[in-house]
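Below is one structure, written out as structure tokens; the observations come after it.
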Amino acid sequence: MTFQNTKAFAKELDQKDTLSRYKNEFIFPKVNNKDVIYFTGNSLGLQPKLTKSYVDEVMNDWANLAVEGHFYANKPWWDYHERFANPLSKIVGALPSEVTVMNTLTVNLHLLMVSFYRPTAKRYKILCEAKAFPSDQYMIQSQVQFHGFHPNDAIVEIQRRDGEHNIRLEDVLSKIEEVGDALALVLIGGVNYYTGQVFDMKTITKAGHKAGAFVGWDLAHAAGNVKLDLHEWDVDFAAWCSYKYMNSGPGNASGCFIHEKHHNNKDLHRFAGWWGHNKERRFKMEPVFDPVQGADGWQISNLPILSLAPYLASVALFDEIGMDALIEKRNLITAYLEFVLYEISKEVGGSFEIITPKNKEERACQLSVYLHGEGRSLFEYLMKNGVITDWREPNVIRLAPVPLYCSFEDMYEFGQILKAGIST
Ligand SMILES: *Cc1c(COP(=O)(O)O)cnc(C)c1O
């Protein structure tokens, strides 16, 4: 398709967009009495209008039923989390028994490492990407220290080549081979939070297994954004937060994946609690832990229902739309945004540099852009003019044109505001 940087053309794309009506299903902050153009859904997704009714339902059940809500609420609380199994498994490409929701992301990665980071004197290294999200770095460092190893020795980071912004697949694969039988675990962010690079999870998982390691993925920027096929890819475990592309609200619950092949393995350590205990016998208060079959067997505490309610509303929306339709629009709107950025760059005689990979397989809903020659004042100008972006020093702007609630016209309008901000 040949794009044009005009309002009429953007509107035409909106008219053809089968998902355009979903924009109206979200609540936008306002600046100057106008809905903002929201590019930070990769950090905190907008609130779906549907969400409040899910939360109200729990509040009302609590008011009217109190403790009886555990069993007699409209959606009983004692197995509320099981409502996620079907819709969530479709979003991440899993069997329903392989997914569950609990805790928050970094906490879940720690808990999953109890099961999947089992270092020995010989096999103890963890492979991750250089400049991983800070929480992941701290998590991995503290895990290797907990097991008596030194981070400098036990953590192997895959570096970017000099002058390159992204990590090459061949470098990941050769690093896996190099570490070989010292490799205990590969744990990478499926989509890099800074550059938006999407890793080839299937190929890397296979290579990790060939070296004899477990392979896990942090899917914070991938869940609800990219096509995942965790079961088929034979991934051992994964976890993600729900407040980015999945719009479930600040700091909200995390989703987990544990491959079916591990469900019966009694040798896998896990930290247990009563909510992971045999469902039918949970309230018999038995002394010996008997885990639920499947990912639910990794549950620990009874669940924060008020936090799961918004997540369940969000999952319902994703289930209605389906990942394929979302991804189709995502590809088009990301490409259009890229086009607009380069057009504006030309018009202002600038030199924007998009550091997100160019090819479709390695990018999703994010463009990270170096605005060479521009400073933080540009970011502030955008904010004041109703465009919410994410600014990283020195001058990288991260833009996520989330297909659920961003329009093509938003992309055009953004370009015009950006141009005005640079010219002033
Ligand atoms: C957003 C994000 C986190 C956040 O972790 P929380 O435990 O939810 O605070 C962790 N890792 C990555 C890669 C992220 O993008």
Side-chain angles (χ1 to χ4, degrees), residues 1-5 9-10 13 17 39-43 129-133 158-174 188-204 217 219-222 224-228 244-245 323-324 326-374 389-392 394-403 406 408 410-412 414-415 418-419 422:
M1 188 183 306
T2 319
F3 291 141
Q4 294 168 27
N5 187 24
F9 183 81
L13 287 179
D17 171 17
F39 280 118
T40 44
N42 54 354
S43 188
E129 84 263 45
K131 292 196 209 154
F133 192 85
I158 310 150
Q159 304 291 336
R160 291 158 181 81
R161 295 190 188 187
D162 281 348
E164 295 188 8
H165 295 296
N166 294 290
I167 291 174
R168 294 196 193 186
L169 176 63
E170 65 206 81
D171 291 351
V172 181
L173 301 180
S174 63
I188 302 176
V191 177
N192 183 266
Y193 81 100
Y194 189 78
T195 60
Q197 177 180 16
V198 181
F199 286 96
D200 182 341
M201 292 176 245
K202 181 180 175 181
T203 304
I204 294 171
W217 292 95
L219 301 177
H221 280 257
N225 177 22
V226 304
K227 183 88 181 158
L228 297 166
K244 290 173 178 165
Y245 291 99
M323 285 308 295
D324 289 339
L326 264 184
I327 286 168
E328 197 183 317
K329 173 168 177 190
R330 182 204 73 192
N331 287 343
L332 191 62
I333 197 165
T334 306
Y336 189 57
L337 174 61
E338 179 183 39
F339 167 79
V340 169
L341 279 165
Y342 282 134
E343 287 297 298
I344 299 299
S345 184
K346 260 190 274 171
E347 286 176 28
V348 298
S351 54
F352 299 171
E353 182 191 358
I354 296 177
I355 63 176
T356 308
K358 239 193 145 20
N359 58 326
K360 245 176 45 186
E361 289 68 39
E362 278 191 288
R363 66 157 56 166
C365 178
Q366 179 176 318
L367 295 178
S368 303
V369 193
Y370 263 115
L371 296 170
H372 295 300
E374 298 300 324
T389 64
D390 175 277
W391 185 272
R392 303 271 152 159
N395 52 10
V396 169
I397 198 172
R398 294 190 308 163
L399 304 165
V402 176
C406 289
F408 292 90
D410 287 342
M411 303 305 111
Y412 169 77
F414 161 66
L418 181 66
K419 185 162 112 182
I422 289 172

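What's counted below: heavy atoms across the whole structure, side chains too, no hydrogens, waters or symmetry copies.
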Sidechain-backbone polar pair: Y370 side chain, P394 backbone, donor-acceptor under 3.5 Å: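 No: the side chain of Y370 does not pair with the backbone of P394.
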Nearest 0.5 Å please: distance from the [atom1] atom of [X] over to the [atom2] atom of [Y].
X    : Y    : atom1 : atom2 : value
L173 : T203 : CG    : OG1   : 7.0 Å
L371 : I344 : CG    : CD1   : 12.0 Å
Y342 : F3   : OH    : CZ    : 13.5 Å
K244 : L219 : NZ    : CG    : 11.0 Å
Y412 : E343 : OH    : CD    : 11.5 Å
N395 : F352 : CG    : CZ    : 10.5 Å

Please report the closest heavy-atom contact between [X] and [Y], naming both atoms and the distance.
X    : Y    : answer
W217 : I188 : CE3-O, 3.2 Å
T2   : F9   : O-CZ, 3.5 Å
P403 : C365 : CD-SG, 3.9 Å
P401 : T334 : CG-OG1, 3.9 Å
Y194 : R398 : O-CD, 3.7 Å

Side chain to side chain contact (heavy atoms under 4.5 Å, CB included) between I333 and M411, worked out: CA-CA 8 Å; I333 197 165; M411 303 305 111; 3.9 Å; yes
For [X], check side-chain hydrogen bond (donor to acceptor under 3.5 Å, both in side chains) against everything at least two apart and list the hits.
X    : answer
N331 : none
K227 : D324
E338 : K358, R363

Side-chain contact, heavy-atom cut-off 4.5 Å: [X] with [Y]?
X    : Y    : answer
N192 : E129 : yes
Q197 : V191 : no
L399 : V369 : yes
L228 : M201 : yes

Under 3.5 Å, is there a donor on one side chain and an acceptor on the other for [X] and [Y]?
X    : Y    : answer
Q366 : S368 : yes
H165 : E353 : yes
S174 : D171 : no

Criterion side chain to side chain contact (heavy atoms under 4.5 Å, CB included) on N5 and E347, from CA distance to verdict: CA-CA 11 Å; N5 187 24; E347 286 176 28; 3.9 Å; yes
R392/D390 ion pair, N-O < 4.0 Å: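 Yes, R392 and D390 are salt-bridged.
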Under-4.0 Å salt bridge between R161 and E170: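 Looking at E170 together with R161, the answer is yes, because their closest N to O distance falls below 4.0 Å.
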Positive for side-chain contact (heavy atoms from CB on, under 4.5 Å) with L337, one of L367, I354, D410, L332: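 Checked L367, I354, D410, L332 against L337; only one passes side-chain contact (heavy atoms from CB on, under 4.5 Å): L367.
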Member of I167, L169, V226 meeting the side-chain contact (heavy atoms from CB on, under 4.5 Å) criterion with F199: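 Passing option: I167.
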Neighbour count >12 (heavy atoms, 6.0 Å) for atom CD, E328: no
Ring center gap for F414 and F39 short of 6.0 angstrom: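 They qualify: ring centres under 6.0 Å apart.
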cation_pi(K329, Y336) dist<6.0 Å, angle<=45: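 No, cation not above the ring by the 6.0 Å, 45° rule.
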T356/N166 under side chain to side chain contact (heavy atoms under 4.5 Å, CB included): CA gap, chis, key distance, verdict: CA-CA 8 Å; T356 308; N166 294 290; over 6 Å; no
